[in-house]
Amino acid sequence: MDYKALSELLFPDVTNTIEFYEKKYPERSLPEGAKVTRFAPSPTGFVHFGGLFPVLVDQYLARQSSGVCYLRIEDTDSNREVKGAELDIIKSFELFGISFDESIIKEGLYGPYRQSDRKEIYHTYAKKLVSDGYAYPCFCAKKDLDRLRVNQKAKKLNLGYYGGFAKCRNLTLDQVKEKLDAGIPYVLRLKSFGDCNNKIKFTDLVKGTLELTENDIDHVLLKSDGMPDYHLAHVIDDHLMHTTHVVRGEEWLPSLPFHIQLFNAFGFKLPKYMHIAQLMRLDGNAKKKLSKRDKGAGLTSYISNGYAPEAVIEYVLTLLNSNFEDWRRANPDLPVNEFPFSIKKMSLSGALFDLVKLADVSRNVLSRMTAEQIYDRLCNWTQSYDKKFNKVITQNPDYTLSILSIGRGGQKPRKDFGLWSEVKPYIGFFFKEYFKITDQPEGEFDKSDIRAVIEEYLNLFDPGDDKDTWFEKLKTVAEKTGFCPSTKEYKQNPEGWKGHIGDTSMFIRLAITGRLNSPDLYTVMQILGGQECRRRLQKYLTKI
RNA sequence: GGCCUGUUAGUCAAGUGGCUAAGACGCCGCCCUCUCACGGCGGAGGCAGGGGUUCGACUCCCCUACGGGUCACCA
């Protein structure tokens, strides 16, 4: 077979040579050891939660080595393409503080960054492959392939287009010409010289040394529409764009031998690979790969549900690097991008997505913010997702700020909320728009006793009191109304008391906040102001 | 089914032949001048099973079981 002639027959329009592109995309000039990584999504919809894993690895590896992290759009399948998805992906990541050094909106020297714009390049390299005898056209129709598969299945053979089953391998130049002239659609296939009885050793940076089976399948390289499939595009792009580290999900592991084969066929240097574990979700009792189909898995739905992006990022980091939490405890105030990310600390098996843990991480992240930061972000979020609340807090910025300051700062900050959507239920009672008595006293008390406590307290209440005086007055009220002023004492000897100071405090809390639980009552009352406290206490009397 | 890969408490995980097997979340109990939150103290709960190798295996090897991935003109 005259491969050169075959290549001319298949690619008459290709006039460039691969040398042209090799020269056009020279080695990147980067410092020693700089890593070049890429995130390469297909624009088939929104980015889902699991996408955060590889992209964060990409970002850390590049940043920590003064390298480059770029975005490449893998849109070689026009059937699955979703309009607007490209920009959506970029915007979604931006919400999470993730940006790329090069992308379709920020072209670098190694573009185009959209695969559908690189067709000429792929064809040039494909032509080379054909002329070197590594690829051939296949005219088999889908029907033929289906039949082949059925036969192989019946005979319990390995499925696929390989060896003796690869009929089109043996087509002569004239036969090819004939079919071409007849307008029969074809795909370009790899002519595999691999043997599935041979094993190859390969070291993955995450998985370690792997033993893989050589590829003997004549995989498709170019689809009948002339676009490459993932495999060919991956090899050519990551070569020309000089990717040093390919970070991708472990679902790609089975096709790795095929990729290695392609790199070798081209004579390209192999990049380093990192196949990372998939995030799983629980489906009944079974673990399932988290996918785009899962409701609420979209990155932006975390935003709309009220998660702080930085909290989501930290949660992902706890799963990505087992020592992240230790680092965070030791460095509570350092920005997250200073975390010394380490490949060695990456998990081998897929973690189960844990909403409860996310909530915990989230509370911790928010507890480290200042009241001002909380306020800004809260305004930002409510602007889109709770306009009424947004109006309330922005009308009273100082007041809101003082509320958000409760128990903030210091060594043991409060952790009352992990979601922006949890703030309103927590602080709503401070505002007349939301104040409502929603709880009832716990335990059995005479209404007259409750009334007596409130009345007695109203007599003594003075907003100018300091905390100790304030508490002394609570004790006085308790004692006067027949409640024990010390909980401890009461527990030792409850005889003769109607209850204890905890109970009388509860009545007052109910009147002031409408709820059984609240932050420190003294502070709450200070913020509300004497007038409002008095008003609420009096109002409560009418409701008992 | 073939191929690949993984398996330490409910979840996430340290651990690389010699520990009473870290820690975190969750759960339970106690403490912290008022509830909650925070914090502190304590508790329940684990090396999938079976064979080897070894003076000694969570750690090395083999088998089994179970989980996951993949076998497209999708990425």
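Throughout, a chain's letter reflects where its sequence line sits, starting with A, and its residues are numbered from 1.
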Mind checking if Val220(A) touches a base, just sugar-phosphate, or nothing, with heavy atoms under 4.0 Å?
sugar-phosphate
Picking from C4(B), C12(B), C34(B), which would you name as closest to the side chain of Leu253(A)?
C4(B)
Take the angle between the ring planes of Tyr302(A) and Phe353(A) and call it parallel below 30°, perpendicular above 60°, tilted in between.
perpendicular
Can you find a donor-acceptor pair, distance only, under 3.5 Å between Asn158(A) side chain and C3(B) base?
no
Judged by nearest nucleotide, the residue sitting upstream toward the 5' end of RNA chain B, Lys199(A) or Val356(A), is Lys199(A)
Between C4(B) (P) and Asp216(A) (CG): distance, integer Å:
13 Å
Residues that Phe471(A) engages under ring pair (Phe, Tyr, Trp, His ring centres under 6.0 Å), provided they are two or more places apart
none
Please determine whether any donor N or O and acceptor N or O are separated by less than 3.5 Å between the side chain of Arg509(A) and the base of C36(B).
no
Of Asp354(A) and Lys142(A), the one whose closest nucleotide on RNA chain B sits nearer the 5' end is Asp354(A)
Expressed in angstrom and rounded to an integer, what is the separation of Leu256(A) atom CG from C3(B) atom C1'?
13 Å
Among the nucleotides C34(B), A14(B), G26(B), which one has an atom lying closest to any side-chain atom of Arg363(A)?
G26(B)
Would you indicate which nucleotide in U33(B), G15(B), G39(B) comes nearest to any side-chain atom of Lys415(A)?
G39(B)
Mind calculating the distance between CD1 (Ile403(A)) and P (C36(B)) to the nearest angstrom?
22 Å
May I have the distance from Leu148(A) (atom CG) to C73(B) (atom P), rounded to whole angstrom?
11 Å
I want to verify a distance call: between A75(B), C32(B), A72(B), whose nearest atom is closest to the Lys488(A) side chain?
C32(B)
Answer with base, sugar-phosphate or nothing: what part of the nucleic acid does Thr44(A) contact at a heavy-atom distance below 4.0 Å?
nothing
Please report the interatomic distance CZ(Phe49(A)) to OH(Tyr315(A)), rounded to the nearest 0.5 Å.
6.0 Å
hbond_proxy Ser224(A) side chain to C73(B) base (donor-acceptor, 3.5 Å cutoff):
yes
